[in-house]
Amino acid sequence: MITKRIIPCLDVKEGRVVKGIQFLSLRDAGDPVELAAFYDREGADELVFLDISASHEGRKTMVEVVKSVAASLAIPFTVGGGINSLEDMKRILRAGADKVSLNTAAVVNPGLISEGARFFGTQCIVVAIDAKYDEEAGTWVVYTHGGRTKTEKTAVAWAQEAVTLGAGEILLTSMDSDGEKQGFNLELTSAVSKAVSVPVIASGGAGNAEHFYEAFTRGKADAALAASILHYKETSVTEVKNFLLSRGVNIR
């Protein structure tokens, strides 16, 4: 049986970890290198590092920060933000990342997924999907550029297409739930998890240990990601794992 993973997420802007609500009202959460080392000691299964302003501002991911974070980690490490080419992927993986996360660039140029998968293997390619429920469409619609730009793509169809192109994992964020701490969007997570053959990481809405349990059982997620509740010490990776073990969830 595949073990479920707990993944802290470092949203980085201008070299600092930040966290907001529904992608807005960002506040400081600390130094990325210090936080990465802390989560490694805490028993996190992986770490995700997202340079959240890179695509919007047309910058490259901060390679130096990535190198510093990678140097303090023994766990797998995914980096996203402003990765627009095979050269960008090479730069990030050489800097110490284990996987790259493609979001806006994958929507703009889907061929980039295939290119990366062919060169590095599907296990290195994560496609991140930011989705928001659309009343008119009656389903979840994909947004790009840090949640600023609405696309014509629906979350489930785009996840399926991304996997066909070579994505080895889907990082699925519910924009409606992001930062609200009311629980993961189980309907969205379950719909995408059932539609694809690769692991799905649930993101957006973690407020307590029970929410992780729901993501794994009702949401069918393979991993669950959290930021603010861990950064601000409202709970810890250890507490979440102990709770999941007590509920019979297979974790590392």
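None of the values given here were measured: they were computed from a predicted structure. All values below were derived from every heavy atom in this structure, side-chain atoms included, with hydrogens, water molecules and symmetry-related copies excluded.
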> Taking a hydrophobic cluster as the set of Ile, Leu, Val, Met, Phe, Trp and Tyr residues connected by side-chain heavy atoms closer than 4.5 Å, whether directly or through intermediates, do Val108 and Val141 fall within one such cluster?
Replying inline: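 As far as the 4.5 Å side-chain criterion goes, Val141 and Val108 are not connected within one cluster.
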
Nearest 0.5 Å please: distance from the [atom1] atom of [X] over to the [atom2] atom of [Y].
| X | Y | atom1 | atom2 | result |
| --- | --- | --- | --- | --- |
| Glu46 | Ile7 | CD | CD1 | 4.5 Å |
| Arg91 | Ile83 | CZ | CD1 | 9.5 Å |
| Leu171 | Ile129 | CG | CD1 | 9.0 Å |

Could you tell me whether the side chain of [Y] reaches within less than 4.5 Å of the side chain of [X], counting heavy atoms only?
| X | Y | value |
| --- | --- | --- |
| Met175 | Tyr133 | no |
| Phe120 | Leu86 | yes |
| Thr78 | Asp98 | no |
| Asp40 | Leu47 | no |
| Lys153 | Glu161 | yes |
| Ile201 | Ile170 | no |

> Can a cation-pi geometry be assigned to Lys241 and Tyr213, taking NZ or CZ under 6.0 Å from the six-membered ring centre and within 45° of the ring axis?
Replying inline: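 Relative to the ring axis of Tyr213, which defines the angle, Lys241 lies outside at least one limit.
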
Side chains of [X] and [Y]: do they bring a donor and an acceptor to under 3.5 Å?
| X | Y | answer |
| --- | --- | --- |
| Ser177 | Gln182 | no |
| Asp130 | Asn103 | yes |
| Thr144 | Thr104 | no |

> Only one of Thr238, Val240, Ile6, Leu230 clears side-chain contact (heavy atoms from CB on, under 4.5 Å) with Glu42; which?
Replying inline: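 One option only clears the test, and that one is Thr238.
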
> Does the ring centre of Phe212 sit less than 6.0 Å away from the ring centre of Phe184?
Replying inline: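 Yes, ring centres under 6.0 Å apart.
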
>> Can you classify the ring geometry of Phe77 versus Phe49 as parallel (below 30°), tilted (30 to 60°) or perpendicular (above 60°)?
In response: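 The arrangement is perpendicular - the two ring planes meet at more than 60°.
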
> Do NZ/NE/NH1/NH2 and the carboxylate oxygens of Asp134 and Lys150 come within less than 4.0 Å?
Replying inline: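 Here Asp134 pairs with Lys150 in a salt bridge, since their nearest N and O are under 4.0 Å apart.
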
> Is there a salt bridge (Lys or Arg N to Asp or Glu O under 4.0 Å) between Lys233 and Glu239 once you walk through the steps?
Replying inline: CA-CA 11 Å; Lys233 309 288 192 286; Glu239 284 171 14; over 6 Å; no

> Would the number of heavy atoms belonging to other residues, nucleotides or ligands and lying under 6.0 Å from CD of Glu210 be above 12?
Replying inline: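 Atom CD in Glu210 is packed in, count exceeds 12.
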
